[in-house]
**Q** 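Have a look at the structure that comes next, please.
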Amino acid sequence: MAPKIATADRVDRDRLLEFVRPRHRGTLVTVRSDGRLQMSPVTCGLDDAGRIVVATYPERAKVVNIRRHPAVSILIHSDDWNGPYVQIDGTAEVIDLPDSIEPLVEYFRAVAGEHSDWDEYREAMRKQGKSLIRITVDDWGPVATGGFPPGRV
């Protein structure tokens, strides 16, 4: 079996969004009040404006951190652990009820498609007190894969 060679492909914004759109697993990195990093595994989607969206609760550490310091990074993973990934740096905002309802609908569509009863979904989001994190993409690294560095095998 031939060894796998690592890759790091620089992509433009359109290709970045094309890469991110079907991937819904991420690790969100925010900054705690003492400056240390906080990491959260999240389910994420891409809204129609090309922003990364994450459903959450207003009491979560990531939300508290974002309200204080909106600069974040998120690593978008492939479903296959050894698949390609990309780090995205951005500016996050938190949208709370009642303003979060329609963005949460868009989030659901991005992650899971159409719901069988949108009124029921909206009511569930209200009852659960859901918020939405929306990340505007500011910069990104290469779309990368793991493996041996070229020329090392």
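In this chain, residues are counted from 1 in sequence order. On a predicted model such as this, the values are computed, not experimentally measured, just so you know.
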**Q** Can you name the closest pair of heavy atoms from Gly129 and Pro58 and give their distance?
**A**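 It is O-CD, 3.2 Å.
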
**Q** Could you grab the distance from atom OG1 of Thr27 to atom NE2 of His77, nearest 0.5 Å is fine?
**A**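 Spacing of OG1 (Thr27) from NE2 (His77) equals 3.0 Å.
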
**Q** Give me the ring orientation class for Trp118 and Phe108: parallel if the planes are under 30° apart, tilted from 30 to 60°, perpendicular past 60°.
**A**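 The arrangement is perpendicular - the two ring planes meet at more than 60°.
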
**Q** Between atom CZ of Arg13 and atom CD of Glu18, what is the distance when rounded to the nearest 0.5 Å?
**A**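 Arg13 CZ to Glu18 CD: 14.5 Å, rounded to 0.5 Å.
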
**Q** How many angstroms lie between CD1 in Ile66 and CG in Leu28, if you round to the nearest 0.5 Å?
**A** 5.5 Å

**Q** Any chance you could measure Thr30, atom OG1, to Ile74, atom CD1, to the nearest 0.5 Å?
**A** 11.0 Å

**Q** Minimum heavy-atom separation for Ser33 and Asn65, please, with both atom names.
**A** N-OD1, 4.5 Å

**Q** Should the heavy atoms of other residues, nucleotides or ligands under 6.0 Å from CZ of Arg122 be counted, would the total exceed 12?
**A**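 Enclosed.
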
**Q** Do the side chain of Lys62 and the main chain of Ile133 share a donor and acceptor less than 3.5 angstrom apart?
**A**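 It does not hold such a pair.
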
**Q** If you measure from CD1 on Ile101 to CZ on Arg126, what distance do you get to the nearest 0.5 Å?
**A** 4.5 Å

**Q** Please name the pair of heavy atoms, one in Asp96 and one in Val94, separated by the smallest distance, quoted to 0.1 Å.
**A** OD1-CG1, 3.7 Å

**Q** Can you give me the closest heavy-atom contact between Tyr107 and Val54, atom names plus distance?
**A**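 Smallest interatomic distance, heavy atoms only, reads CE1-CA, 4.0 Å.
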
**Q** May I ask you to say whether Asp34 pairs ionically with Arg36, meaning some side-chain N is under 4.0 Å from a carboxylate O?
**A** yes

**Q** Could you check whether any side-chain N or O of Arg21 sits under 3.5 Å from a backbone N or O of Leu46, counting only pairs where one atom can act as donor and the other as acceptor?
**A** no

**Q** Hey, are Ser100 and Ser131 close enough side-chain-wise for a donor-acceptor pair under 3.5 Å?
**A** no

**Q** Taking atom CZ of Arg25 and atom CD1 of Ile76, what is their separation to the nearest 0.5 Å?
**A** 12.0 Å

**Q** In terms of hydrophobic clusters joined by side-chain contacts under 4.5 Å, are Val72 and Val137 together?
**A**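 Looking at the clustering, Val137 is in the same group as Val72.
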
**Q** Would Lys130 count as a cation-pi partner of Tyr57, with NZ or CZ less than 6.0 Å from the six-membered ring centre and within 45° of the ring normal?
**A**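 Because its charged atom sits under 6.0 Å from the ring centre and within 45° of the axis, Lys130 does stack over Tyr57.
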
**Q** Taking the side chain as every heavy atom from C-beta outward, state whether Arg15 and Val143 have any pair of such atoms under 4.5 Å apart.
**A** no

**Q** Taking Asp99 for its side chain and Ile95 for its backbone only, find out whether a donor-acceptor pair lies under 3.5 Å.
**A**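 Pair absent, no side-chain N/O of Asp99 close to backbone of Ile95.
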
**Q** Under a single-linkage definition using a 4.5 Å side-chain heavy-atom cutoff for Ile, Leu, Val, Met, Phe, Trp and Tyr, are Val111 and Ile52 assigned to the same hydrophobic cluster?
**A**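 Cluster IDs for Val111 and Ile52 differ.
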
**Q** Would the distance check show the side chain of Thr91 and the main-chain N or O of Pro70 forming a donor-acceptor pair, the cut-off being under 3.5 Å?
**A**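 No, because the side chain of Thr91 does not come within donor-acceptor range (under 3.5 Å) of the backbone of Pro70.
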
**Q** Using the rule that two of Ile, Leu, Val, Met, Phe, Trp, Tyr join whenever any of their side-chain heavy atoms come within less than 4.5 Å, decide whether Val53 and Val20 are in one cluster.
**A** no

**Q** Applying side-chain hydrogen bond (donor to acceptor under 3.5 Å, both in side chains) between Thr145 and each of Asp9, Asn82, Thr7, report the one that passes.
**A** Thr7

**Q** Heavy atoms only: give me the nearest Val63-Thr56 pair and the separation to one decimal.
**A** CG2-CG2, 3.4 Å

**Q** Would you mind reporting whether Val11 and Phe19 have side-chain heavy atoms less than 4.5 Å apart?
**A**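 Not touching, per the 4.5 Å side-chain cut-off.
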
**Q** Give a yes or no on whether the backbone of Pro103 and the side-chain of Arg134 come within a donor-acceptor separation of less than 3.5 Å.
**A**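 No, Arg134 side chain to Pro103 backbone: no donor-acceptor pair under 3.5 Å.
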
**Q** Does His24 use its side chain to pair, donor to acceptor, with the backbone of Cys44 at less than 3.5 Å?
**A** yes

**Q** If you apply the rule side chain to side chain donor-acceptor pair (under 3.5 Å), what do you find for Thr136 with Arg51, and how did you get there?
**A** CA-CA 5 Å; Thr136 299; Arg51 297 170 296 201; 5.3 Å; no

**Q** Using modelled atom types only, decide if a donor and an acceptor are shared between the side chain of Arg68 and the backbone of Val31 within a distance under 3.5 Å.
**A** yes

**Q** Whether Arg109 and Glu106 form a salt bridge (side-chain N of Lys/Arg under 4.0 Å from carboxylate O of Asp/Glu) is what I want to check.
**A**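 A salt bridge is absent here (no side-chain N lies under 4.0 Å from a carboxylate O).
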
**Q** Hey, quick one: are Val42 and Trp140 part of the same hydrophobic cluster, counting side-chain heavy atoms closer than 4.5 Å, chains of contacts allowed?
**A** yes

**Q** What heavy-atom pair brings Gly146 and Tyr85 nearest, and what distance separates the two atoms?
**A** N-CE2, 4.3 Å

